[in-house]
Amino acid sequence: MATAVFVNGCVCKDPKLAKADDFFFEGLDKPGNTSNNVGSAVTAVFVDQMAGLNTLGISLVRIDYASYGETSPHTHPRATEILTVLERTLYVGFVLSNQNNSTLINKVLNKANIGHIPVVAIAAFNGQNLGIIAIANSVFGSNPPISDKVLAKAFQVDKKVIDYLEAQFWVNP
Ligand SMILES: *[C@@H]1O[C@H](CO)[C@@H](O)[C@H](O)[C@H]1NC(C)=O
Ligand SMILES: *[C@@H]1O[C@H](CO)[C@@H](O)[C@H](O)[C@H]1NC(C)=O
Ligand SMILES: *[C@@H]1O[C@H](CO)[C@@H](O)[C@H](O)[C@H]1NC(C)=O
């Protein structure tokens with residue numbers, strides 16, 4: 001039903017109408033399609049995919065990586081993340097706040113260190129709908145674009161570099 005009210009979250013279903021499928025997601029056993037510019041694929045189980053997560057403050061994703069695939073740098077505005085590697089080896093990290101010298105905290109996670117072959121990981125979140133802001137996509141792929149003059153100054157590069165970056169196709173993670 002169309003409404004003028006914007007609800008930040010999802011409307012609750014009458015518990016009498018709840019069914020098992022509201023709490024079920026099928027497909028986490030299947031690899032995602034990593035044939036894209038970054039070589040990774042996310043299979044999400046957020047509130048949009050599993051209605052029963054509504055109000056529960058939890059969700060997870062399966063992440064597949066092709067050989068040398070990556071997830072582009074991003075933030076989750078509404079959740080903290082924890083991640084475990086199910087297959088192979090994954091280099092992970094995050095950067096502390098600018099007040100903390102933008103320190104990079106990083107680590108190589110191993111299931112079995114057998115080389116550069118596809119990786120599977122599960123990441124869990126303390127939110128049903130965590131939001132994702134991929135840094136490069138937001139900065140160079142905004143709509144309409146941020147002025148190349150502004151970005152050239154911000155990144156201390158020539159405007160041509162910014163124009164090049166803005167012309168790329170940014171895969172949303
Ligand atoms: C994977 O994605 C690529 C690029 O979009 C597409 O060409 C290919 O058909 C997809 N493969 C499968 C198995 O869906
Ligand atoms: C992080 O930055 C804050 C504010 O500048 C400072 O008080 C704190 O000691 C820093 N922590 C670390 C671990 O550097
Ligand atoms: C900040 O990081 C740089 C690069 O790692 C390091 O050389 C510097 O000592 C650090 N400064 C502080 C205040 O921690």
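Heavy atoms only: backbone and side chains are in, while hydrogens, waters and symmetry mates are out. From a predicted model like this one, the values you see are computed outputs, not experimental measurements. Atoms within each ligand, like the ligands themselves, are counted from 1 in listed order.
Put simply, atom 14 (O) of ligand 1 has protein non-hydrogen atoms near it, under 4.0 Å away. When distances from atom 7 (O) of ligand 1 to the protein are checked, no heavy atom turns up under 4.0 Å.
Remark: side-chain polar atoms of Arg62 are not paired, donor with acceptor, to backbone N or O of Val120 under 3.5 angstrom. Using a distance-only test at 3.5 Å, with no hydrogens or angles considered, a donor-acceptor pair links the side chain of Ser59 to the main chain of Gly127.
Taking every heavy atom of Ser35 and a limit of under 4.0 angstrom, the matching atoms of ligand 1 come to 2 (O), 3 (C), 4 (C).
Nearest non-hydrogen protein atom to atom 9 (O) of ligand 1 is Asn33 ND2, 4.8 Å.
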Ignoring hydrogens and angles, write down the donor-acceptor pairs under 3.5 Å from the side chains of residues 147-154, residues two or more places apart or on other chains.
| from | atom 1 | to | atom 2 | distance (Å) |
| --- | --- | --- | --- | --- |
| Ser147 | OG | Lys149 | N | 3.1 |
| Ser147 | OG | Val150 | N | 3.2 |

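Under the side chain to side chain contact (heavy atoms under 4.5 Å, CB included) criterion, Asn143 pairs with no residue at all, not counting sequence neighbours.
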